[in-house]
Amino acid sequence: MALVFDVGSSSVGGALFEVQKLGIPKIILSVREPIIFEGKVDIDRFLSLTLKSLEIVAGRIFKTSIQKPSKIFCVLSSPWYASQTRTIKLGKNTPFLFTQKLADNLIQKEISLFEEENLSKFSHTGNKVQLIEFKNMKTMLNGYATSDPINKKAKKVEMIIFVSMSGDKILKKIKETISKHFNFKDIKFSSFAMASFTVARDMFIHQENFLLVDIAGEVTDISMINKNVLSNSISYPLGRNFMIRKVSDSLGCTLDEARSFVSLYKDGHASEAMEKKLGPIISKLKTQWLQGFQESLVKLSDDISVPATIFITVDQELKDFFGDIIKTEQFNQYTLTESEFRIIFLDNQTLHSITAFKDNTVRDPFLIVESIYINRFIC
């Protein structure tokens with residue numbers, strides 16, 4: 001039995017599931033708690049509110065479930081981690097033996113460089129960076145990919161690695177919060193980017209080039225996958241919450257009222273008077289979000305065409321809203337991308353055949369993705 005916590009920027013989730021190494025995970029309990037939404041984001045206050053939601057989720061799972069986990073995992077979404085794909089190159093004039101020790105030394109040197117580069121991301125909160133995840137995605141000897149490179153001779157070695165990190169104090173506080181209910185010292189951390197990439201890649205094996213878009217509360221993350229390698233990622237600070245804040249400011253209403261107005265508008269249930277007020281505001285905010293999306297694609301593409309297939313993770317009620325924004329995107333559509341965008345949501349419908357559930361357990365797409373990833377690749 002394994003327990004996974006999903007720590008995002010708008011909510012925290014938790015799922016208890018049976019590990020099936022040769023099959024699909026069976027989720028027996030799934031809960032989610034929103035993070036209190038405020039007008040301004042103060043990182044310390046935001047972390048405190050996130051931990052409060054995490055404690056509620058951990059407490060509910062502890063009280064509700066008869067079965068106890070033997071392993072605990074925590075999957076972080078932005079802004080709780082930083083990640084990067086890095087390429088390590090080594091070339092010599094004469095053939096050399098590529099040993100495990102040489103590989104480890106090259107990787108450690110690259111990880112140290114990544115730590116130094118990302119120190120500023122967490123240092124403002126008094127954190128030191130701490131490695132949470134490392135994946136060697138591809139190794140090439142003399143330009144040819146190989147799954148067994150150790151103790152082979154070559155003149156040129158290239159390794160493509162994925163690393164993610166978080167602040168040590170953030171990780172410590174998350175562990176302490178979970179430990180109030182589950183006395184575990186060894187809690188394994190990973191990133192939602194790696195989990196969603198791995199699940200999408202393995203579900204759609206003929207799709208070796210694609211984009212991953214995770215639209216969360218405070219940020220939108222975009223990852224580019226090229227030849228089945230997570231080659232680059234980028235974030236911009238516009239999630240669904242910025243729209244609610246802007247509507248609140250524009251109409252002079254509370255955040256709860258703004259959330260309600262946006263919900264009614266997108267479902268086509270707003271009054272004629274409210275639709276008239278909200279229409280221009282929402283239209284401007286869609287354009288603003290889309291501009292961030294377009295600029296991110298340009299930075300990600302780096303003179304190569306952007307994959308046309310997009311896998312999106314977003315809250316169920318916002319699927320059509322953001323899907324329509326991306327579908328209407330006409331920015332260099334036939335030069336920047338391979339063809340018109342093909343959008344696939346990693347939702348309950350897409351994931352239903354690769355997860356089992358006990359009775360009427362809540363189907364939570366984010367927890368489903370994470371359970372599949374942990375079941376297959378970590379346990």
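We use all heavy atoms of the structure for the numbers below, so side chains are in, but hydrogens, waters and symmetry mates are not.
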Hey, could you give me the [atom1]/[atom2] distance between [X] and [Y], rounded to the nearest 0.5 Å?
X	Y	atom1	atom2	result
K68	N183	NZ	CG	13.0 Å
D221	S223	CG	OG	6.5 Å
F261	L278	CZ	CG	7.5 Å
E317	S263	CD	OG	7.5 Å
I372	L346	CD1	CG	9.0 Å
I160	K227	CD1	NZ	10.0 Å

Main chain of [Y], side chain of [X]: is a donor-acceptor contact present, judged purely on distance under 3.5 Å?
X	Y	result
S9	G217	yes
N375	Q20	yes
H181	I178	no
N136	I161	no
Q108	E110	no
T355	P25	no
T177	E55	no
S53	P34	yes
D168	K128	yes
T361	F357	no

Might you work through the side-chain contact (heavy atoms from CB on, under 4.5 Å) test for M1 and I28, ending with a clear yes or no?
CA-CA 10 Å; M1 191 69 63; I28 64 169; 3.7 Å; yes
Assert yes or no for the condition that the ring centre distance of F366 to F192 is strictly below 6.0 Å.
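Close enough - the centres of the two rings lie under 6.0 Å apart.
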For residues 358-374, which residue pairs qualify under salt bridge (Lys or Arg N to Asp or Glu O under 4.0 Å), counting only residues two or more places apart or in two chains?
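Checked against salt bridge (Lys or Arg N to Asp or Glu O under 4.0 Å) - neighbours excluded - the pairs reaching residues 358-374 are R32-D364.
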Going by salt bridge (Lys or Arg N to Asp or Glu O under 4.0 Å), name the pairs with one or both residues in residues 269-280, residues two or more places apart or in two chains.
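Qualifying pairs: none.
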Are [X] and [Y] close enough that some pair of their side-chain heavy atoms sits under 4.5 Å apart?
X	Y	value
L76	F189	yes
I111	F134	yes
I312	I326	yes
F98	I150	yes
M224	V306	yes
T87	M159	no
P365	F345	no
Q291	E295	yes

Shared hydrophobic cluster for F46 and V7 (ILVMFWY, side-chain gaps under 4.5 Å):
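Yes; V7 is reachable from F46 via cluster members.
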Would you say Y265 ends up clustered with M274 if hydrophobic residues are merged whenever their side chains have heavy atoms under 4.5 Å apart, either directly or through other cluster members?
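Both belong to a single hydrophobic cluster.
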Closest non-hydrogen atom pair between [X] and [Y], with its separation:
X	Y	value
V369	V199	O-CG2, 3.6 Å
S353	I24	O-CD1, 4.2 Å
Y81	A193	OH-CB, 3.3 Å
G13	V57	C-CG1, 3.8 Å
I35	G8	CD1-O, 3.6 Å
P69	L3	CB-CB, 3.7 Å

Students often mix this up, so state it plainly: with edges at 30° and 60°, are the rings of F204 and F311 parallel, tilted or perpendicular?
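Judged by the thresholds at 30° and 60°, the geometry between F204 and F311 is tilted.
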Step by step, work out the side-chain contact (heavy atoms from CB on, under 4.5 Å) result for S371 and V4.
CA-CA 7 Å; S371 299; V4 59; 3.9 Å; yes
Using the test salt bridge (Lys or Arg N to Asp or Glu O under 4.0 Å), find all partners of [X] that sit at least two apart in sequence or belong to another chain.
X	result
K319	D347
D186	K188
R259	D256
K173	none

In the hydrophobic clustering that connects Ile, Leu, Val, Met, Phe, Trp and Tyr at side-chain heavy-atom distances below 4.5 Å, which members other than V219 occupy its cluster, ordered by chain and number?
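Under the 4.5 Å side-chain rule, V219 groups with nothing.
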Which residues, ordered by chain and number, are linked to L255 in its hydrophobic cluster, where ILVMFWY side chains connect at heavy-atom gaps below 4.5 Å, directly or through other members?
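So far as hydrophobic clustering goes, L255 is joined with F37, I244.
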Side chains of Q207 and R342: do they bring a donor and an acceptor to under 3.5 Å?
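Yes, side-chain donor-acceptor contact under 3.5 Å.
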Side chains of S164 and E133, donor plus acceptor under 3.5 Å
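Yes - a donor-acceptor pair under 3.5 Å links their side chains.
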Working note: F62 + F182, criterion ring pair (Phe, Tyr, Trp, His ring centres under 6.0 Å); need CA distance, chi angles, decisive distance, verdict.
CA-CA 8 Å; F62 181 77; F182 300 95; 5.6 Å; yes
Quick one: side-chain hydrogen bond (donor to acceptor under 3.5 Å, both in side chains) pairs with a partner in residues 151-161, sequence neighbours left out?
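Listed once each, the pairs are D148-K152.
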Do R240 and F321 pass the side-chain contact (heavy atoms from CB on, under 4.5 Å) test, and can you show the C-alpha distance, the side-chain angles, and the key distance before you say yes or no?
CA-CA 10 Å; R240 68 175 192 188; F321 185 76; over 6 Å; no
With a sphere of 6.0 Å drawn around NZ of K266, does it hold more than 12 non-hydrogen atoms of other residues, nucleotides or ligands?
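Yes, the 6.0 Å shell around NZ holds more than 12 heavy atoms from other groups.
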Applying salt bridge (charged side-chain N to carboxylate O under 4.0 Å, His left out) to D202 and R376, what does each step give before you reach the verdict?
CA-CA 11 Å; D202 290 357; R376 198 177 301 174; 3.7 Å; yes
Could you list the residues that satisfy ring pair (Phe, Tyr, Trp, His ring centres under 6.0 Å) with F322, not counting sequence neighbours?
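Scan of F322 (ring pair (Phe, Tyr, Trp, His ring centres under 6.0 Å), adjacent residues dropped) gives W289.
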Would you please name every residue forming a side-chain hydrogen bond (donor to acceptor under 3.5 Å, both in side chains) with K135, sequence neighbours left out?
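Only Y373 meet the side-chain hydrogen bond (donor to acceptor under 3.5 Å, both in side chains) criterion with K135.
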For T287, give me all partners under side chain to side chain contact (heavy atoms under 4.5 Å, CB included), at least two apart in sequence or on another chain.
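T287: no side chain to side chain contact (heavy atoms under 4.5 Å, CB included) contacts found.
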Working for side-chain contact (heavy atoms from CB on, under 4.5 Å), residues I225 and L211:
CA-CA 6 Å; I225 287 74; L211 291 175; over 6 Å; no
